[in-house]
Number of protein chains: 2
Amino acid sequence: MGRKSLKTPRQQEIIKAFYQLAKKEGLENASIAKTAALIDINPSLVMHYFKSRESLIDSLIEFILDKYLLIYRIQDDVNAGPKKNLLKVIDNIFSNKWNALFADSVSYSCYSMAFRNKSIKRKYKDLLDTLRDNLQQLIADCKNRGILSVQDPVQTADIIFVLVDGAYYYLCLVSDKKEYQQKLNQYKKQAISLLNFVSSSAR
Amino acid sequence: MGRKSLKTPRQQEIIKAFYQLAKKEGLENASIAKTAALIDINPSLVMHYFKSRESLIDSLIEFILDKYLLIYRIQDDVNAGPKKNLLKVIDNIFSNKWNALFADSVSYSCYSMAFRNKSIKRKYKDLLDTLRDNLQQLIADCKNRGILSVQDPVQTADIIFVLVDGAYYYLCLVSDKKEYQQKLNQYKKQAISLLNFVSSSAR
DNA sequence: AAATAAATTGAATATACGTTCAATTTATTT
DNA sequence: AAATAAATTGAACGTATATTCAATTTATTT
C-alpha cells in the first residue's frame, strides 16, 4: 500500500545534477538550490533524500570513484588473453576516453577534502588500492605465463599508477592539444617499459 | 608626507592568516571575516588590501607556489659539486621537510580551481615547468661531467616530477607512518634509478 | 472509494557571506 | 601645531546559503 518508492532513481538524478554543477562552477559553488533548479524540483526534495549537503557530497564522491573503476570494464573481449587484456587496460588508462568519463576538477576538489575527513580519505585510499590491485593481477597473469619479466607485480602496478596520477596532474594544466597528446604518449611508453615485456614472435 | 605605508607586510599577514585558516577548515570555508578575526583586524581592512576574495585567493596561490621553489634553496653548500647538488635536491623532494613547508590540502584546492581559471592554470603550469627546468639543469650538469647517463635530461626531469606528483597523490592518503616512509623511500629509489648514475669510485 | 505512504511543495528561519562607504584614528611631514 | 595621507574602524547592505517543518499532491493498495 502507499506509493512506490522513487528513492534510488531520484537520488541518482540529484547526484548527477550536483556533479554537473560542480563540474561547471566548482564544487564550492554547487549549492542545493542550484541543483534543485537544474532538474526542476524543490530544494526541500534534495534535503529529503540527503540529510545534509555534506552527505550529498559524500554520495558525489562515491559516484565519482565508481567511474574510475571503468578502466577495467571497457574491455571488448574478456578472453583475449592476458597480454591483450593488460595492454587494453594500459590503453584505457592513457586514453582521453577515461579522462572524459569524469571531471578531474571535481575529483581534485573532493580529494582535497580527504585531508580533513577521514571517511573521504579512506574512500580515496581504497579506490587507489583497488585500482592497483586489479592492475597487479593482470601483470601477475602475464608474469606467470612468461609474457613479461618484473620482479614484483605489486610494486610495478603501484609505480605505474604513481606515474598515471602524476601524469594527469601535469596534463590537466596543458592547454595545447599537441603537447598534451605527445606527453601522454610518452608517459604511456614509460609505463609499458616498466612492464618489461619479453620480446618474442609468440604472443 | 602622510603615513608610512604598511601595505606589503599587512598583505602578507593577511595572506598567511587566510592560508592557515584554509589549512584548518578548508579553502571553501576560509572567509574574510574569519581571516580578519584571526589576526584581530576589521574585515574591511582585508577588503582594503584585496579588492575581492578572489584576488585574495590569487595571492594565496602565489604564496603557496613560491614555497614549492624552496626545494632548490635548501642547499647548505652551493659549490658541493653537481652530483651532491642533485642528490641533495632529490633528498629534499622526497623528504618530509618539503612536505611540511606547505599544506597539500590547500594546494590541491587551489589546483582544482585551475580548471575554471586560466590565470591560475598558467601559474601552476609555470611553476611545474620551472621545477622541471631547474632539475633538468642539475641533471645536465651531471651528464656533461659523465656522472650519470641519461638520454634526455629534459625528459628525465619531467618523468621524475611526474613520479613525485603521483607519489604524493597517493602518500597524502596514507595514514600509517611506517607505510608512508617505506613507500616514500621506494619512490625515491625509483627516481634515483631513473638518473642512471655511472658507478665509479670517483665522485 | 477509502486508506495509505511516499513524493513533493512552499513558506519560513537563522546565519554567514562578500562588499560598500563614510567616518575616524594614527603616524609622518612641513 | 597644522597638514597630509594612509591605516583602520563600524555600520549597513543585499544575497545566497543550508536546513526546518507543516501542508499538499500523487500513486498504489485494500
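So that the names make sense, note that chain A is the first sequence line, chain B the second, and so on, each numbered from 1. This is a predicted model, so every value here is computed, not measured. Hydrogens, waters and symmetry mates play no part in the numbers below; they use all other heavy atoms, side chains included.
Across all non-hydrogen atoms, the minimal contact from A:Tyr170 to B:Asp129 is OH-OD1, 2.6 Å. Residues B:Val150 and B:Leu195 approach most closely at CG1-O, 3.3 Å, considering heavy atoms. In this structure, B:Lys121 and A:Cys172 approach most closely via the heavy-atom pair CE-O, 3.3 Å.
A:Gln186 is linked by a side chain to side chain donor-acceptor pair (under 3.5 Å) to nothing, counting only residues two or more places apart in sequence or in another chain. Applying the side chain to side chain donor-acceptor pair (under 3.5 Å) rule to B:Ser44 yields the partners B:Asn42; only residues at least two apart in sequence or on another chain are considered. Applying the side-chain contact (heavy atoms from CB on, under 4.5 Å) criterion to B:Asn185, with sequence neighbours excluded, gives B:Gln181. In this structure A:Phe50 satisfies the ring-ring contact (aromatic ring centres under 6.0 Å, His included) test with no other residue, sequence neighbours excluded.
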Name the atoms and distances for all side-chain donor-acceptor pairs under 3.5 Å in residues 160-169 of chain A, with sequence neighbours left out.
unit_1   : atom_1 : unit_2  : atom_2 : d
A:Tyr168 : OH     : A:Ile93 : O      : 2.6

Under 3.5 Å, which donor-acceptor pairs link side chains of residues 112-120 of chain B to any protein atom two or more places apart or in another chain?
unit_1   : atom_1 : unit_2   : atom_2 : d
B:Ser112 : OG     : A:Ser109 : OG     : 3.2
B:Ser112 : OG     : B:Ser109 : O      : 2.7
B:Arg116 : NH2    : B:Ser112 : O      : 3.2
B:Asn117 : OD1    : B:Ser119 : N      : 2.9
B:Asn117 : OD1    : B:Ile120 : N      : 3.0

N/O donor-acceptor pairs under 3.5 Å from side chains in residues 33-41 of chain A, not counting sequence neighbours:
unit_1  : atom_1 : unit_2  : atom_2 : d
A:Lys34 : NZ     : A:Glu25 : OE1    : 2.9
A:Lys34 : NZ     : A:Asn29 : O      : 2.9
A:Thr35 : OG1    : A:Ser31 : O      : 2.7

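In this structure, CZ on B:Arg132 lies 10.5 Å from OG1 on B:Thr130, to the nearest 0.5 angstrom.
Between B:Lys34 and B:Gly2, the residue anchored nearer the 5' end of DNA chain C, judged by the nucleotide with its closest heavy atom, is B:Lys34.
Applying the side chain to side chain donor-acceptor pair (under 3.5 Å) test to residues at least two apart or on different chains, the pairs with a partner in residues 48-61 of chain A are A:Asp58-A:Lys123.
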Quiz item: Where each pair must be Watson-Crick or G-U wobble with both distances under 3.5 Å, what dot-bracket representation of DNA chain D is obtained, with crossing pairs in [ ] and other-strand partners as |?
Solution: ||||||||||||||||||||||||||||||
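Listed by residue number, the members of residues 43-56 of chain A with any heavy atom below 4.0 angstrom from DNA chain D are A:Ser44, A:Met47, A:Ser52, A:Arg53. The stretch residues 7-30 of chain B touches DNA chain D through B:Lys7, B:Arg10, each having a heavy atom within less than 4.0 Å of the strand.
Taking a heavy-atom distance under 4.0 Å as the criterion, the stretch of DNA chain D touched by chain A extends 5' to 3' from D:dT17 to D:dT29.
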